Amino acid sequence: MNYYEHSTKTRVKLLELLLGEDWKVEPAGGSTGEAYIARAGEKKLFLKRNSSPFLAVLSAEGIVPKLLWTKRLENGDVITAQRWVHGRELGSSDMDRSDVAQLLSKIHCSSELLDMFKRIGNEPLTPTTITECLQNQLLASGTSYSLLQEAVDYLSLHRHEVTPPRMVVCHCDINHNNWMINSKNELYLIDWDGATVADPAFDLGLLLYEYIPREHWEKWLYHYGLPLTPDLEKRMHWYVISHALHSVLYNLRKGQHDQMKAWIDQLKQLLAY
């Protein structure tokens, strides 16, 4: 048994002791390994260790499944329990739903979420900070691939042209697997660990470029509540390029060359547009 497996097994035992003898806990999967499923007969909970500090606000606004309780353990860990969603993840073809656009708009317009982020000292993600971070990552990677420097040069050249008209709380990982719909047709956006304050064009660009045909962008944005303007298009394009470059560098560090190649191909297309 390796360290990760031993650590997971220990946490499962601790959670079962916390919940009581009738409960059985198992890892829920995911990249962080911090999520668990708890069962006791017909009852089911979603547990998470050290989840987002503003989960209560997300729950109160109906953005995530209802938060049932929060408990702090002796070691300082905080465990949250949420109501289990009897439903499914959205598929790629579901992302053109009007309620997806409306929920994302609700998130971006939430003053409560934005106030919470400001109180915890979240530093906004600006075009300048993004560009500088990616430039440093590129230098640290030691790669001589000219396309990556071309991408950084593009971001640097245009960063002052994409000044956000407003800053909002962005989810930053709007993959279709993070959207859940229950049996009552209620929609949720989960997994808020990577959220930050940024231009709403960050989320919008990632979603529209990935899932929505360009000829349908205007209709999708109508449900979101924004017109498709040249300024919004420019900002979305800039953020999508920054995200693609970040993904290339991330997979390069991890030695995941197949994924890196796929992102490089996407970056080529974006820079050629």
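Treat the numbers as computed from the prediction; the structure is a model and nothing was measured. Numbers here simply count residues along the sequence, with the first being 1.
Residue V248 is grouped with residue I130 when hydrophobic side chains (ILVMFWY) are merged at heavy-atom distances under 4.5 angstrom, including chains of intermediate members. With hydrophobic clusters built from ILVMFWY side chains whose heavy atoms lie under 4.5 angstrom apart, L206 shares a cluster with L125. Cluster annotation: L58 and I190 are assigned to distinct hydrophobic clusters (Ile/Leu/Val/Met/Phe/Trp/Tyr, side-chain heavy-atom contacts under 4.5 Å, transitive). Under the 4.5 Å side-chain heavy-atom criterion for ILVMFWY residues, no single connected hydrophobic cluster contains both M180 and L90. Linking ILVMFWY side-chain heavy atoms closer than 4.5 Å, directly or via other members, places L67 and I37 in two distinct hydrophobic clusters.
Within a 6.0 Å sphere centred on NZ of K44, other residues, nucleotides and ligands contribute more than 12 heavy atoms. Environment of CD in E123: sparse, with no more than 12 heavy atoms of neighbouring residues, nucleotides or ligands closer than 6.0 Å. Counting non-hydrogen atoms of other residues, nucleotides and ligands closer than 6.0 Å to NZ of K66 gives a total of 12 or fewer. Heavy atoms from other residues, nucleotides or ligands lying under 6.0 Å from CD of E186 number more than 12. Within 6.0 Å of the CZ atom in R83, the count of heavy atoms belonging to other residues, nucleotides or ligands does not exceed 12.
Side chain of S242 to main chain of Y239: a donor-acceptor pair is present (N/O by atom type, distance under 3.5 Å, no hydrogens or angles). When atom types are taken as modelled, the side chain of N175 and the backbone of N178 share no donor-acceptor pair closer than 3.5 angstrom. Not one N or O on the side chain of D22 forms a donor-acceptor pair closer than 3.5 Å with the backbone of A40. Put simply, the side chain of T129 gets close to the backbone of T126: a donor and an acceptor are under 3.5 Å apart. Formation of a donor-acceptor pair under 3.5 Å by the H176 side chain with backbone atoms of E89 is not found in this model. Proximity of a side-chain donor or acceptor of S247 to a complementary backbone N or O of H243 within less than 3.5 Å is detected. Between the side chain of T131 and the main chain of P127, a donor-acceptor pair closer than 3.5 Å is present. Put simply, the side chain of W220 gets close to the backbone of M95: a donor and an acceptor are under 3.5 Å apart.
Smallest separation of non-hydrogen atoms from M167 and D199: SD-N, 3.9 Å. In plain terms, the two heavy atoms of V25 and V12 that are nearest each other are O-CG1, 3.3 Å. Looking at every heavy atom in both residues, D203 comes nearest to C172 through OD1-N, 2.9 Å. The minimum heavy-atom distance between F202 and C170, with the atom names listed, is CB-SG, 4.3 Å. For R49 against D77, the heavy-atom pair with the smallest separation is NE-OD2, 2.7 Å. Between V169 and I107, the shortest heavy-atom contact is O-CG2, 3.8 Å.
Looking at D94 and I181, their side chains never come closer than 4.5 Å, going by heavy atoms from C-beta outward. The side-chain heavy atoms of E150 and L271, taken from C-beta on, include a pair separated by under 4.5 Å. In this structure the side chain of R253 never reaches within 4.5 angstrom of the side chain of S141, judged on heavy atoms. With contacts defined as side-chain heavy-atom distances shorter than 4.5 Å, the pair K48/D193 qualifies. Looking at M236 and L228, their side chains come closer than 4.5 Å, going by heavy atoms from C-beta outward. With contacts defined as side-chain heavy-atom distances shorter than 4.5 Å, the pair S156/D153 does not qualify. Between L226 and L204, the closest side-chain pair of non-hydrogen atoms falls below 4.5 Å. Between Y36 and R11, some side-chain heavy-atom pair lies under the 4.5 Å cut-off.
Of the listed residues (W179, W192, Y188), just one forms a ring pair (Phe, Tyr, Trp, His ring centres under 6.0 Å) with H171, and that residue is W192.
Taking CG of L189 as the reference point, atom NZ of K106 lies at 11.5 Å (rounded to 0.5 Å). To the nearest 0.5 Å, atoms CG (L187) and CG (N182) are separated by 9.0 Å. For the atom pair H246 NE2 and Q137 CD, the distance stands at 6.5 Å (nearest 0.5 Å). Atom CG of D96 sits about 11.0 Å away from atom CG of L208, to the nearest 0.5 Å. Note that the CG atom of L18 and the CG atom of L47 stand 8.0 Å from one another [nearest 0.5 Å]. Atom OG1 in T163 sits 8.0 Å away from atom NE2 in H160 (nearest 0.5 Å).
Between the side chains of N136 and E132, no donor-acceptor pair of N or O atoms lies under 3.5 Å. Side-chain contact annotation: S59 with Q82, donor-acceptor N/O pair under 3.5 Å absent.
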Problem set entry | Worked verdict on W23 versus L15 for side-chain contact (heavy atoms from CB on, under 4.5 Å) | CA-CA 9 Å; W23 288 90; L15 290 172; over 6 Å; no

Problem set entry | Pair V168-L114, side-chain contact (heavy atoms from CB on, under 4.5 Å): steps then yes or no | CA-CA 6 Å; V168 304; L114 188 58; 5.6 Å; no

For this session: Apply the test side-chain contact (heavy atoms from CB on, under 4.5 Å) to residues I264 and L147: give CA-CA distance (whole Å), side-chain angles for both, the deciding distance (0.1 Å), then the verdict.
Result: CA-CA 8 Å; I264 284 175; L147 178 75; 3.8 Å; yes

Problem set entry | Trace of the side-chain contact (heavy atoms from CB on, under 4.5 Å) decision for N50 with I79 | CA-CA 6 Å; N50 298 333; I79 306 299; over 6 Å; no

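Ring planes of F46 and W84: tilted class, angle from 30 to 60°.
Cation-pi geometry between K261 and W263 is not met at under 6.0 angstrom from the ring centre and within 45 degrees of the axis.
The ring pair (Phe, Tyr, Trp, His ring centres under 6.0 Å) contacts involving residues 93-128 comprise F54-F117, H108-Y224, where partners must be two or more places apart or lie in separate chains.
The salt bridge (charged side-chain N to carboxylate O under 4.0 Å, His left out) test applied to K234 returns E161, not counting sequence neighbours. With sequence neighbours excluded, the residues satisfying side-chain contact (heavy atoms from CB on, under 4.5 Å) with T229 are P227, D231, L232.
A salt bridge does not link D115 with R119: every distance from a Lys NZ or Arg NE/NH1/NH2 to an Asp or Glu carboxylate oxygen is 4.0 Å or more. In summary, R214 and E233 engage in a salt bridge, as defined by a charged side-chain N under 4.0 Å from a carboxylate O.
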